[in-house]
Amino acid sequence: MKKQLRQAIKAALQECYDQGTLNSGVLPEEIQLEIPKNPDHGDFACNLAMTMAKVERKAPRKIAEALVAALQGNPLCEQIEIAGPGFINFRLAASCWYGVLDQVMQAGADFGCSRVGEGIRVQVEFVSANPTGPLHIGHGRGAVVGDAVAAVLQAAGFDVQREYYVNDAGNQVSILGRSILLRLRELQGEAIDFPEDGYQANYVRELAAKFRAEQGDLTDVPETAAIEHCTRFGVAEILEWISEDLRAFGISFDRWYSEKSLYDLKLVDKELAKLKERGLSFEHEGALWLKTTDFGDDKDRVLIKSDGSMTYFASDVAYHMEKFERGFDRVIDVWGADHHGYIPRMKAMLAGLGHPPEDLEVLLIQMVNLLRDGQPFVMGKRSGNFITLREVINEVGRDACRFFFLMRRCDSQLDFDLELAKQQNSDNPVYYVQYAHARVCSINRKATEEGIVQPVLGEVDHSKLKLVEELALAKQLARYEEMVVGAALNYEPHRVVFYLQELAAQFHSYYNRQRVLVDDPATTQARLYLVNCIRIVLANALQLLGVSAPEQM
RNA sequence: GCGCCAGUAGCUCAGUUGGAUAGAGCAACGGACUUCUAAUCCGUAGGCCGAGGGUUCGAAUCCUUCCUGGCGCGCCA
């Protein structure tokens, strides 16, 4: 719809030049059309006359007059007005808007999908929590946002892969291994002195007990090998928990990428060699550094420590180089906001290798403040005082939980009060939206009871839809695809949430004011058609968020 | 000290990438169930968009200086 109008304006502009009513000959790159807040200003407003005032050296209103003269008689438009400082306001014919109903019916579950991202390969890496303990609430937010970002990108036609990076190498997991081993010794009756930096939580004891039951006591095994055994066991077990938790949340990954495999396959060495070859790394005081300051970082960064061990950064560099070698055009990382200091060095690394830094997009997910009855929960993996994501999902439900996490822009902090989220049962916006869907289903059930046949595509008399709220609903549906594209290009799934709330509100209002099943069969058919289009769009949008669309509530 | 994010109604937040009179939801107040589901709807009230300065036809939005809150600034992961 917007495209057609834009095309018409472009043609009108050309006509003005041909006829000499406008002279600059400048063709703007993009003609901006926006949906005005105030419905009195029409369906679309165009600011072209104002932006052209400078090059054209004419008053905006004069330019607008010339354009409007050229646009007269266009069948798309019912009314064209010049308003305010020089806006051109378009009101489209109702028949244009009701055309989208047929598009919704025809496309069904695919309505809203587009091809703007066609042929572009995108990887979304998210969660990627260390496999040293169960997921907590902060991971949950990143998980849902990452999943929804991937979903809107897919809907916009991008070729998307979801990946989880498993930090199964390095210090943290070997601390886990040592912690398990110590608990194992404890089970064997040894008095142990549990270190400060060990994992104190109870699940480590459970892992030790399970290890003992399955693999025995490790009595004659040398310490380093024993720790390694425990590490592998612990990582595998915990990854199992994590993937179960994510499944419960409706999230699955195309690939789980092991950090350890980077080392096993010598990929880290290989990528570091490439950096050296390009003169991007240098030795200093026995360590190997990456010269990130040449590309906007404020310090150079260590890749190999003077004791010969690799930093985390080294494997991250190798991992991201490898991502691009796999052929992704764009790589999206979803991180906790506390890692934001890491972005400049990653972008610097890419720039050094000749990639435009924009190819890597880092989404920072701000903290979740977990509360219960207004009291803050102090979280810490090692202290053992935390609520797992699983417990939260069990307590407040998957739909409410996902919806809640997606309601805000990810770069603002989120207070999550468990009692509030549960208590909100009737006030929670997720039910409001789901209820709208269930209500349409209920109308359909009633229609079937009364022997009314569902309307068929192409056999509906749109002219029976005469009310302003019906037209407004059709316009809202027409906006859906563009909203999804915007959410995808900006990585902002919360737009889908706000759209859903608007559409549901419009529907509820309509429902309360008008009956769908009325005496006149043609009107009944037209209204059934309209509300079922609404149902389809509600379901499609909820699907993007990973929230269910119940038929009955 | 330097950097990142945020600051909009009493509370929680949107704000179409610079557009016209700044919007929702809670909370408050007043109404609507003999109807396809009241988990709903209708109405009232609520504002110095953190503060100052700048950019222009036009600023909550862009630039700048402050203020407040959160988070970072290791040869930790």
Side-chain angles (χ1 to χ4, degrees), chain A residues 32-38 40-41 45-47 49-51 53-54 59-60 83-87 89 130 132 167 169-173 175 197 284-289 298-299 301-313 315-316 336-344 364 366-367 369 407-415 417 420 424-436 438-447 449-450 452 479 482-483 486 489-490 494-495 497-498 501-502 504-505 507-518 524 527-528 531 552-553:
Chain A
Q32 288 180 40
L33 281 177
E34 58 155 28
I35 300 171
K37 275 175 260 182
N38 187 340
D40 291 342
H41 296 142
C46 181
N47 62 359
M50 277 130 80
T51 56
K54 241 177 204 164
F87 288 105
N89 294 338
N130 282 347
T132 51
N167 292 116
N171 237 329
Q172 289 305 313
V173 287
I175 291 174
D197 67 348
H284 177 65
E285 293 178 351
L288 184 72
W289 299 67
D298 54 356
K299 283 175 197 161
R301 306 293 171 177
V302 173
L303 291 166
I304 304 178
K305 298 182 236 172
S306 49
D307 68 3
S309 62
M310 300 277 184
T311 62
Y312 228 79
F313 183 50
S315 55
D316 275 350
D338 51 343
H339 290 85
H340 70 260
Y342 226 71
I343 296 175
L364 293 176
Q366 281 290 346
M367 285 183 39
N369 299 313
M407 274 177 62
R408 283 165 183 69
R409 279 200 352 247
C410 63
D411 49 12
S412 66
Q413 291 181 29
L414 171 65
D415 286 340
D417 192 314
L420 213 68
Q424 258 183 350
N425 270 348
S426 59
D427 283 335
N428 198 318
V430 67
Y431 297 107
Y432 181 84
V433 174
Q434 290 179 317
Y435 187 48
R439 266 183 152 172
V440 180
C441 294
S442 171
I443 296 172
N444 287 337
R445 281 191 295 272
K446 180 79 178 175
E449 262 174 46
E450 294 184 5
I452 299 168
R479 228 167 55 77
E482 193 187 350
M483 183 280 299
L489 297 180
N490 295 284
H494 75 276
R495 294 187 190 202
V497 175
F498 283 88
Q501 287 178 296
E502 275 173 41
F507 167 74
H508 283 309
S509 175
Y510 176 63
Y511 180 93
N512 270 272
R513 215 192 286 263
Q514 308 294 339
R515 287 187 64 81
V516 172
L517 308 176
V518 291
T524 297
R527 290 186 176 175
L528 260 179
V531 295
Q552 219 167 343
M553 287 175 76

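For the numbers below, each heavy atom of this structure counts, side chains included, while hydrogens, waters and symmetry mates do not. Keep in mind that this is a model prediction, so the values were computed, not measured.
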Checking all strands, does [X] fall into the base, sugar-phosphate, or nothing category for heavy-atom contacts under 4.0 angstrom?
X	result
A:Lys305	base
A:Ala83	base
A:Arg495	base
A:His340	base
A:Glu285	base
A:Ala447	nothing
A:Asn47	base
A:Met483	nothing
A:Ala436	nothing
A:Gln552	base
A:Arg439	sugar-phosphate
A:Asn89	base

[X] [atom1] - [N] [atom2] separation (whole Å):
X	N	atom1	atom2	value
A:Phe507	B:rC42	CZ	P	13 Å
A:Arg301	B:rC75	CZ	P	8 Å
A:Asp338	B:rC5	CG	P	15 Å
A:Tyr312	B:rG74	OH	C1'	15 Å
A:Gln366	B:rG69	CD	C1'	11 Å
A:Trp289	B:rG74	CH2	P	10 Å
A:Asn171	B:rC75	CG	C1'	13 Å
A:Leu414	B:rG69	CG	C1'	16 Å

Between [M] and [N], how far apart are the [atom1] atoms? Round to whole Å, please.
N	M	atom1	answer
B:rA24	B:rG46	P	14 Å
B:rC5	B:rC63	P	11 Å
B:rG19	B:rU61	P	11 Å
B:rA22	B:rG47	C1'	9 Å
B:rA6	B:rG53	P	24 Å
B:rC66	B:rA9	C1'	26 Å
B:rU65	B:rC42	P	47 Å
B:rA60	B:rG54	P	15 Å

Would you indicate which nucleotide in [options] comes nearest to any side-chain atom of [X]?
X	options	answer
A:Met553	B:rC36, B:rC71, B:rA39	B:rA39
A:Val516	B:rA20, B:rC71, B:rC36	B:rC36
A:Ser306	B:rA77, B:rC75, B:rA6	B:rC75
A:Asn512	B:rC5, B:rC41, B:rC75	B:rC41
A:Tyr431	B:rG19, B:rC75, B:rA39	B:rA39

### Which residue lies more 5' along RNA chain B, comparing A:Ala169 with A:Ile35 via nearest heavy atoms
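This one resolves to A:Ile35.
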
task = For A:Asp40 and for A:Asp298, locate the closest nucleotide of RNA chain B by heavy-atom distance; then report the residue assigned to the nucleotide nearer the 5' terminus.
result =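 Final value for this comparison: A:Asp40.
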
For [N], give the paired nucleotide (Watson-Crick: N1-N3 plus N6-O4 or O6-N4; G-U: N1-O2 and O6-N3; both under 3.5 Å), or none.
N	value
B:rG46	none
B:rU21	none
B:rA27	none
B:rU68	B:rA6
B:rC33	none
B:rC73	B:rG1

Point to revise | Audit row: A:Asp40, A:Lys37, salt bridge (Lys or Arg N to Asp or Glu O under 4.0 Å) steps and yes/no | key: CA-CA 9 Å; A:Asp40 291 342; A:Lys37 275 175 260 182; over 6 Å; no

Below 30° counts as parallel, above 60° as perpendicular, anything between as tilted: where do the rings of A:Tyr511 and A:Phe507 land?
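Rings of A:Tyr511 and A:Phe507: tilted, 30 to 60°.
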
Can you name the closest pair of heavy atoms from [X] and [Y] and give their distance?
X	Y	result
A:Ala504	A:Tyr432	CB-CE2, 3.8 Å
A:Pro36	A:Ala45	CG-CB, 3.9 Å
A:Thr132	A:Gln172	CG2-O, 3.8 Å
A:Val531	A:Val516	CG1-CG2, 3.9 Å

Between [X] and [N], is there a contact of a side-chain N or O with OP1 or OP2 at under 4.0 Å?
X	N	answer
A:Lys37	B:rA20	yes
A:His339	B:rC5	no
A:Ser509	B:rC42	yes
A:Tyr432	B:rC41	yes
A:Lys299	B:rG3	no
A:Tyr435	B:rA39	yes
A:Arg409	B:rG15	yes
A:Arg513	B:rU40	no

Original post:
Does B:rA20 have A:Phe87 stacked on its base, where the ring centres are within less than 5.5 Å and the planes differ by under 30°?
Top reply: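 It does: the ring sits over the base of B:rA20.
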
Is it the case that over 12 heavy atoms from other parts of the model lie below 6.0 angstrom from the CD atom of A:Glu502?
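More than 12 heavy atoms, drawn from other residues, nucleotides or ligands, come within 6.0 Å of this atom.
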
Can you confirm whether the side chains of A:Tyr312 and A:Asn167 place a donor and an acceptor under 3.5 Å from each other?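 Yes, because at least one side-chain N or O of A:Tyr312 sits under 3.5 Å from a partner of the opposite role on A:Asn167.
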
Q.
Quick test of your reading of the model: are A:Arg409 and A:Asp411 salt-bridged, counting only N-O distances below 4.0 Å?
A.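 Here A:Arg409 pairs with A:Asp411 in a salt bridge, since their nearest N and O are under 4.0 Å apart.
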
(message) As a quick check of understanding, evaluate side chain to side chain contact (heavy atoms under 4.5 Å, CB included) for A:Asn369 and A:Asp417, giving each step before the final call.
(response) CA-CA 8 Å; A:Asn369 299 313; A:Asp417 192 314; over 6 Å; no

- request: Just label B:rC33 as syn or anti from its O4'-C1'-N9-C4 or O4'-C1'-N1-C2 angle, using within 90° of 0 for syn.
  value: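 B:rC33: syn.
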
